[in-house]
Amino acid sequence: MTGTAGGPQTLAAPAETPRPGRWLALAVLALAVLLVAVDATVLGLATPFLSEDLQPTGTQLLWIGDVYSFVIAGLLVSMGSLGDRIGRKKLLLCGAVAFGAVSVLNAYASTPEMMIAARALLGVAGATLMPSTLALIRNIFHDPKERSLAIGIWGAMASAGAAVGPVVGGFLLGHFWWGSVFLINLPVMAVLVLVGAKLLPESRDPSPGPWDLLSVALSMTGVIAVVYAIKEGATHGPGWGVAAAAAVGVAALVWFVRRQLTLPSPLLNMRLFHHKGFSGAVLADLLTVLGLSGMVFFLSQFLQLVQGRSPLEAGLAELPAAIGAVTAGLLAGRAARRFSVRSVVAGGLAAIGVALAVLIWLESDTAYPVLGAALLVVGVGAGFSFTVTADVILSSVPKEQAGAASAVSETAYELGAALGIALLGSIVTGVYRDFAVPAGVPEATAEAAHESLGGAVEATSELPADQATGLLTSAQEAFVDGLQIASGVGAVVLLATAAAAWFLLRGQKLEEGYGG
């Protein structure tokens, strides 16, 4: 990929005839990204049911929750570059078929190990969908203002999917078994393939160069090893295994970067990162989603296992995040042109940080209006920040290289989702495991209760009433304590990023529409 001469400032584009049917094509792409985003969080509400059925350890449960996002993050750059070469429509449709097939494997997984493997394979299929959707938008919408709106709709679907997942999951879990949260993928993917084959235009880089397999291996190894080291280090503390994984990951990523700088047709144009606006957009992307996904994942368990809500009630309780994200996503482009890119992005990040800070005072009996308001603010912040940063990243390169640029935005999204669950989850788990068990509780039952809050709820069914009440109360209080600390850490990270974005995105603008 060749870099743009002046770094990732907006490019002047000649007026082109608007493509007929472009908004219908966008609807198909929005459907795909909605489904991939739903799959990232739909499992949150199914966790208690899955724990009862498959009986995973606490570590296995975290892997089930985040291996999907880890694998997607590791493969996105490679898949975005592959789409530039073989055709984004072809990659999207093949990925959709694979996504549907692997969803069946997830639904009928019978052991924790099988579930982790199935979620990883679903991540491989998901990695083909996300960069293809955003790259196709870059090629379908030529007018910058129309493209901003299209990216706003796309971003709204990505953000809404993360928040709608619990609602969909809650409805299905109220009527069917936990595997049904995966089987809903089948009809959606069927529509995507049938309609997409007719409506979507094919696009690719006309002179992409060869697909460098060593770069593919390095990017995947680097991302997955680094994230694994962060996750294991936060959960179990530093050790030789963590250090080795971190060393392998860093070495692979350094090698990847150096190789990209020497290849005539690299997988990813690293010179784009020399521009602080581009780097700032990627950083904001990652940490916006870290805050959103971490909060949604753990509040799903809080609402069910601490406050005793049904899965559907818990899903509906998280709906304000989706409403805020969709509304802000649709308004984001207009707001960034009227005020500035940095004010919208930094403001969005600060809003998420403030909402997380409020949860430091979370208690088991916290009234819903407080939770609903916090979720709404998180959704609005994510909608503004994520949509504008995606627009900045995508408009930074020629449309022939849109797949690789989209993959940068998507890698930040998925890495943020994975890190949100891994880092904040590891804090919650670390604090939770120290809770005191009432006297007389059998050792095996106490061990099961310490693995996860779901395990504690299940363990109480085997105990006398007074012991069960004491164990469950102690476990719930420990979970809330962990959630308070994780929220505080998340708030500090998001507020610091808001300040960084204010400086990094100084002078960054979105393209104006033709004649506008």
Side-chain angles (χ1 to χ4, degrees), residues 34 37-38 40-48 155-174 288-332 347-387 417 420-421 424 428 453 476 479-491 494-495:
L34 178 68
V38 163
T41 57
V42 72
L43 206 59
L45 286 180
T47 297
M157 290 303 101
S159 301
V164 167
V167 181
V168 174
F171 174 78
L172 292 171
L173 291 168
T288 295
V289 179
L290 184 149
L292 176 70
S293 64
M295 186 178 186
V296 168
F297 185 80
F298 293 105
L299 279 183
S300 294
Q301 295 179 58
F302 172 82
L303 290 164
Q304 285 183 91
L305 300 177
V306 176
Q307 294 201 331
R309 300 176 192 268
S310 71
L312 180 57
E313 285 175 336
L316 290 171
E318 294 184 350
L319 206 52
I323 294 170
V326 171
T327 304
L330 295 177
L331 298 173
L349 288 163
I352 301 172
V354 169
L356 287 174
V358 168
L359 296 184
I360 294 173
W361 290 276
L362 186 72
E363 298 290 347
S364 301
D365 58 354
T366 296
Y368 176 71
V370 175
L371 293 174
L375 283 162
L376 179 64
V377 172
V378 166
V380 170
F384 276 128
S385 179
F386 180 66
T387 305
I421 293 172
L424 301 184
V428 173
L453 184 55
Q476 289 174 335
F479 183 85
V480 172
D481 289 344
L483 196 53
Q484 289 173 340
I485 295 170
S487 298
V489 171
L494 268 295
L495 291 171

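Note that the structure is predicted; figures quoted are calculated from it, not measured. Throughout, residue positions are numbered sequentially from 1 according to the sequence presented.
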At their closest point, which heavy atom of Glu363 faces which heavy atom of Gln307, and how far apart are they?
O-NE2, 4.4 Å
Quick one: side chain to side chain contact (heavy atoms under 4.5 Å, CB included) partners of Ala351, sequence neighbours excluded?
Val377
side-chain hydrogen bond (donor to acceptor under 3.5 Å, both in side chains) contacts in which one or both residues fall within residues 375-385, not counting sequence neighbours:
Thr288-Ser385
Atom pairs and distances, donor-acceptor, side-chain atoms in residues 368-375, under 3.5 Å, two or more places apart:
unit_1 : atom_1 : unit_2 : atom_2 : d
Tyr368 : OH     : Ala317 : O      : 2.6

Do the non-hydrogen side-chain atoms of Thr387 and Leu330 ever get within less than 4.5 Å of each other?
no
Looking at CD of Gln476 and CG of Leu305, how far apart are the two atoms once the value is rounded to the nearest 0.5 Å?
8.0 Å
Show the nearest heavy-atom pair for residues Ala491 and Gly353, with the distance to one decimal.
CB-O, 3.3 Å
Taking every heavy atom of Leu362 against every heavy atom of Leu483, the minimum-distance pair comes out as CD2-CD2, 3.3 Å
Contact between Phe479 and Val306 at the side-chain level, heavy atoms closer than 4.5 Å - yes or no?
yes
Value rounded to 0.5 Å, distance of CZ in Phe384 from CG in Leu331
5.5 Å
Looking only at heavy atoms, which two atoms of Leu359 and Ser487 are closest? And how far apart?
CB-OG, 3.4 Å
Nearest heavy-atom neighbours spanning Leu495 and Ala350:
CD2-O, 3.7 Å
Closest approach of Ala328 to Val380 (non-hydrogen atoms, all atoms of both residues)
CB-O, 3.3 Å
